[in-house]
Protein chains: 2
Amino acid sequence: MHPTHPDLSSHECSTAMRSVRDALDLLGGKWKLPIIVGLTSGPRRFKQLQREVVGITAKMLSKELKELEINGLITRHVQADVAPVAVTYTLAAYGRTLYPVIESLHTWGQQHRRHIMHPETLEATAAEWAAPDALSA
Amino acid sequence: MHPTHPDLSSHECSTAMRSVRDALDLLGGKWKLPIIVGLTSGPRRFKQLQREVVGITAKMLSKELKELEINGLITRHVQADVAPVAVTYTLAAYGRTLYPVIESLHTWGQQHRRHIMHPETLEATAAEWAAPDALSA
DNA sequence: CACACCGGTATACTTCGGTAAACCGCTATC
DNA sequence: GATAGCGGTTTACCGAAGTATACCGGTGTG
């Protein structure tokens, strides 16, 4: 048809799309990111984590932890000597590389909550945040 | 070694968790973010978008676009005068506030792909990225 | 005329994410 | 001895998410 639409970024766009979907493959679903957030403040034990990630069932937590471990984002260590075997989960170094992602989601979610509660300030808000036109970085 | 990290207080942690889950409520699922990425480089028509977001069915695309519009992230406009009614989707101002999120996911996904393909450079990689200790901002 | 593109909708189906609840061996507490 | 905590696994089940396919009215193309 009309190949003349000056689409600067059709390449960049598909690159971005691929990367985002790669990331989503690992982090997608309802629980993975909340779990990682729970681990940002230090090692946690199973039940402890289950209490923090409100609403998750033991089965889901168990399953998600396995997947996160397989992908190298978290580490599981067992202390067999102590009383009723202590199991601890920690953010692995690789998992810590997710901080920027967590942070941006955290910030956006916070703003979003305000935005929902005070919709009258919408335009101001949207303008203030200022969208950096990066993404091509 | 010693990740003497700015331990998120338990309060900050639950705040972060709540925000992240708020964001995930809007953006969760397999398609929403890829669709938004597709719209970052300009307005798109339905079929055009379907071609870019590889693998999505018309039904899903239609459903997701509706939800994104309801949440004010994108805008739909219809041009009724032209031949076979042209429908165009655009990132709304509010949707553009997601750039930081998209960008961090994009960056991480890109690194992750490299990481998968050259696992031997793992330690170097993880160290290099350096996790910004923010998040408590 | 036959065919393809557009922007979807309708119907039917399958898969998977997720829940609820019971259960396991072990330990410590009342 | 009963109960509760730990770190899960197992079973059973449901509903949402996602897929596949066909179809619609309109138009323009060969």
[X] side-chain N/O to [N] phosphate OP1/OP2 under 4.0 Å:
{"X": "B:R51", "N": "C:dC5", "value": "no"}
{"X": "B:S62", "N": "C:dG7", "value": "no"}
{"X": "A:R45", "N": "D:dG7", "value": "yes"}

Separation of atom [atom1] in [X] from atom [atom2] in [N], rounded to whole Å:
{"X": "B:Q48", "N": "C:dC5", "atom1": "CD", "atom2": "P", "result": "15 Å"}
{"X": "B:L65", "N": "C:dG7", "atom1": "CG", "atom2": "P", "result": "11 Å"}
{"X": "A:L33", "N": "C:dG17", "atom1": "CG", "atom2": "C1'", "result": "16 Å"}
{"X": "A:D25", "N": "C:dC16", "atom1": "CG", "atom2": "P", "result": "14 Å"}
{"X": "A:Q50", "N": "C:dG18", "atom1": "CD", "atom2": "C1'", "result": "14 Å"}

Produce a footprint string for nucleotides 18-30 of chain D: one letter per nucleotide, 5' end first; B if the base is under 4.0 Å from any protein heavy atom, S if only the sugar-phosphate is, - if neither. BBB------S---
Residues which pass side-chain hydrogen bond (donor to acceptor under 3.5 Å, both in side chains) with [X], listed by chain and number, not counting sequence neighbours:
{"X": "A:K32", "answer": "A:E67"}
{"X": "A:N71", "answer": "none"}
{"X": "A:R76", "answer": "A:Y89"}
{"X": "A:S19", "answer": "B:H106"}

Once the angle between the rings of B:H112 and B:H115 is folded into 0 to 90°, is it parallel (under 30°), tilted (30 to 60°) or perpendicular (over 60°)?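 Rings of B:H112 and B:H115: tilted, as their planes differ by 30° to 60°.
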Non-neighbouring partners of A:R113 that pass salt bridge (charged side-chain N to carboxylate O under 4.0 Å, His left out), sequence neighbours left out: B:D22
Using heavy atoms and a sub-4.0 Å distance, could you list which residues of residues 66-76 of chain B are near DNA chain C? By number, please. B:K66, B:R76
Contacts satisfying salt bridge (charged side-chain N to carboxylate O under 4.0 Å, His left out) that involve residues 51-61 of chain A (not counting sequence neighbours) are A:R44-A:E52
Are B:V85 and B:F46 connected in the hydrophobic side-chain network, where two residues link if heavy atoms are under 4.5 Å apart?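 Linked, B:V85 and B:F46 end up in one cluster.
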d(A:W108 CH2, B:T97 OG1) to nearest 0.5 Å is 5.5 Å
